[in-house]
Amino acid sequence: MLELGLVATAAFGLTAAQADDGWDVAADPARNLVAAGAQFGGGVSFAVQCQAGQLTVALGGMPAADTTIRRFDVTRGDGASRLTWWNTHSGSPILTSTDVRAVRFLRAGGPVTFASAAGEARPSRMQVELPTNPAGLDQVLTACGQPLEDPRDVLVDVGDLLLEGPRLEIHGDISGHAQVRVEVSCIIRDSKLADCQSDHETPAAPTVGRETARHANGYRVKVSDPVAAEGRIVEVVITSARVRR
């Protein structure tokens with residue numbers, strides 16, 4: 001569980017050792033936890049943790065906003081950009097996300113700009129210089145069983161067009177597990193989910209992942225612009241029996 005209100009790897013309650021690549025990397029085997037982060041001036045920080053197979057990203061230093069979700073266009077120095085969603089936490093300067101694709105997007109390091117997406121009530125912007133050696137981030141991704149590259153990372157997320165998140169259910173035998181978390185990604189085809197695949201299960205349950213993804217195919221999604229949504233990717237996190245976005 002992320003310990004909100006702190007920054008960088010300190011946000012995870014760890015004592016960090018500065019790595020050669022510039023990332024602060026720390027681990028706590030007793031808590032099944034590994035984290036990597038970087039701190040900048042003005043209270044700005046960026047950190048990623050894996051605990052018990054679940055990935056959490058933390059961004060500190062953005063001005064407060066009266067909303068539960070914030071959207072930022074994240075742009076690298078090479079001009080590549082992607083839209084990201086972040087959860088706010090009352091009384092804390094830390095924003096969090098579970099977007100593993102954003103972490104892989106930022107492995108390149110260098111100058112990165114976080115700018116409020118169009119339509120945000122309180123626009124804000126900040127730029128940081130992330131380490132260019134991804135070793136620290138790779139350690140966290142690997143600890144969570146996440147690949148360092150994924151062909152679907154280049155696809156555009158449909159989140160800004162979704163009127164309602166898909167309500168999917170777990171399928172397969174989950175006996176023996178108190179809870180199963182499946183991360184599914186699908187492509188939008190004719191306003192329906194297609195080519196669904198399980199990207200990750202916690203705990204490891206590949207059969208449950210495959211069955212859950214197979215049953216997701218054909219689910220009709222509600223989008224504001226069906227033409228613009230065509231071919232985009234949608235990601236759904238399903239815990240036990242109900243969806244959480």
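- Ring-plane geometry between Phe72 and Phe114 is classed as perpendicular, the angle between the planes exceeding 60 degrees on a 0 to 90 degree scale with a lower cut at 30.
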**Request:** Evaluate the criterion side chain to side chain donor-acceptor pair (under 3.5 Å) for residue pair Ser81 and Asp73; output intermediate values, then yes/no.
**Result:** CA-CA 7 Å; Ser81 180; Asp73 288 312; 4.7 Å; no
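- No chain of hydrophobic side-chain contacts below 4.5 Å, direct or via other Ile, Leu, Val, Met, Phe, Trp or Tyr residues, connects Ile187 to Leu193.
- Partner of Leu141 under the side chain to side chain contact (heavy atoms under 4.5 Å, CB included) criterion, out of Val34, Val48, Val103: Val103 alone.
- Residues Trp86 and Thr96 fail the side-chain proximity criterion, which asks for heavy atoms closer than 4.5 Å.
- Listed here is the closest heavy atom pair of Val180 and Ile170: O-CD1, 4.1 Å.
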**Request:** For Leu168 and Thr212, run side chain to side chain contact (heavy atoms under 4.5 Å, CB included): C-alpha distance rounded to whole Å, both residues' side-chain angles, the deciding distance at 0.1 Å, then the answer.
**Result:** CA-CA 8 Å; Leu168 306 179; Thr212 299; 5.7 Å; no
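- By the 4.0 Å N-to-carboxylate-O rule, Asp190 lies too far from Arg220 to be salt-bridged with it.
- Judged by distance alone, with hydrogens and angles left aside, the side-chain atoms of Asp195 form no donor-acceptor pair with the main-chain N or O of Cys186 at under 3.5 Å.
- Note on Val156: it does not cluster hydrophobically with Val184, by side-chain heavy-atom contacts below 4.5 Å among ILVMFWY residues.
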I'd like a table of donor-acceptor pairs (distance under 3.5 Å, sequence neighbours excluded) in which one partner is a side-chain atom from residues 222-229, with atom names and distances.
from	atom 1	to	atom 2	distance (Å)
Ser224	OG	Leu161	O	3.4
Asp225	OD1	Val227	N	3.2
Asp225	OD1	Ala228	N	3.1

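- Atom CD of Gln54 sits about 8.5 Å away from atom CD of Gln51, to the nearest 0.5 Å.
- Both tests hold for Arg76 against Phe105: distance to the six-membered ring centre under 6.0 Å, angle to the ring axis within 45°.
- Side-chain contact between Asp160 and Leu162 is absent, with no heavy-atom pair separated by less than 4.5 Å.
- Closest heavy-atom contact between Arg101 and Arg82: CB-NH2, 3.5 Å.
- In this structure, the side chains of Ile94 and Leu59 stay at 4.5 Å or more apart for every pair of heavy atoms.
- Atom CD of residue Gln139 and atom CH2 of residue Trp23 lie 12.5 Å apart, to the nearest 0.5 angstrom.
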**Audit row: Thr113, Arg125, side chain to side chain contact (heavy atoms under 4.5 Å, CB included) steps and yes/no** = CA-CA 7 Å; Thr113 300; Arg125 177 187 180 91; 3.6 Å; yes
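- Gln49 places a side-chain heavy atom less than 4.5 Å from the side chain of Leu33.
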**Message:** I'd like to know whether Arg210 forms a side chain to side chain contact (heavy atoms under 4.5 Å, CB included) with Val208, so could you lay out the CA-CA distance, the side-chain angles of the two residues, the decisive distance to 0.1 Å, and finally the verdict.
**Reply:** CA-CA 6 Å; Arg210 286 194 297 270; Val208 173; over 6 Å; no
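- Smallest separation of non-hydrogen atoms from Arg107 and Asp138: NE-OD1, 2.6 Å.
- Side-chain contact between Arg214 and Glu211 is present, with at least one heavy-atom pair separated by less than 4.5 Å.
- Of all heavy-atom pairs spanning Leu137 and Leu106, the tightest one is CD1-O, 4.2 Å.
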**Request:** Just do the side chain to side chain contact (heavy atoms under 4.5 Å, CB included) check on Arg104 and Asp150 with the steps written out, would you?
**Result:** CA-CA 9 Å; Arg104 287 196 289 258; Asp150 187 322; 3.4 Å; yes
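- In the hydrophobic clustering of this structure, Val74 does not group with Leu155; members are Ile, Leu, Val, Met, Phe, Trp, Tyr whose side-chain heavy atoms approach within less than 4.5 Å, directly or through other members.
- A salt bridge does not link Asp157 with Arg152: every distance from a Lys NZ or Arg NE/NH1/NH2 to an Asp or Glu carboxylate oxygen is 4.0 Å or more.
- The number of heavy-atom neighbours closer than 6.0 Å to CD of Glu149, taken from other residues, nucleotides and ligands shown, is 12 or below.
- Under 3.5 Å, the side chains of Ser124 and Ser116 contain a donor-acceptor pair of N or O atoms.
- A salt bridge is defined here as a Lys NZ or Arg NE, NH1 or NH2 lying under 4.0 Å from an Asp or Glu carboxylate O, and Arg181 with Glu183 meets this definition.
- Closest of all the heavy-atom pairs between Asp24 and Ala38 is OD2-CA, 4.5 Å.
- Between Thr88 and Ile69, every side-chain heavy-atom pair lies at or beyond the 4.5 Å cut-off.
- Relative ring orientation between His215 and His171 is described as parallel, the plane-to-plane angle staying below 30° on a 0-90° scale split at 30° and 60°.
- Asp99 and Thr84 are not linked by any side-chain donor-acceptor pair at a separation below 3.5 angstrom, with hydrogens and angles left out of the test.
- Counting heavy atoms from C-beta outward, Ile233 and Val158 have side chains that stay 4.5 Å or more apart.
- A donor-acceptor contact shorter than 3.5 Å is absent between the side chain of Tyr219 and the backbone of Ala194.
- Closest approach of Gly110 to Thr132, counting heavy atoms only: N-CG2, 3.7 Å.
- The closest side-chain heavy-atom distance from Arg71 to Leu83 is below 4.5 Å.
- Put simply, Leu130 and Leu148 are part of the same group of oily side chains (I, L, V, M, F, W, Y) that touch within less than 4.5 Å, one to the next.
- To the nearest 0.5 Å, atom CG of residue Asn217 and atom SG of residue Cys196 are 4.0 Å apart.
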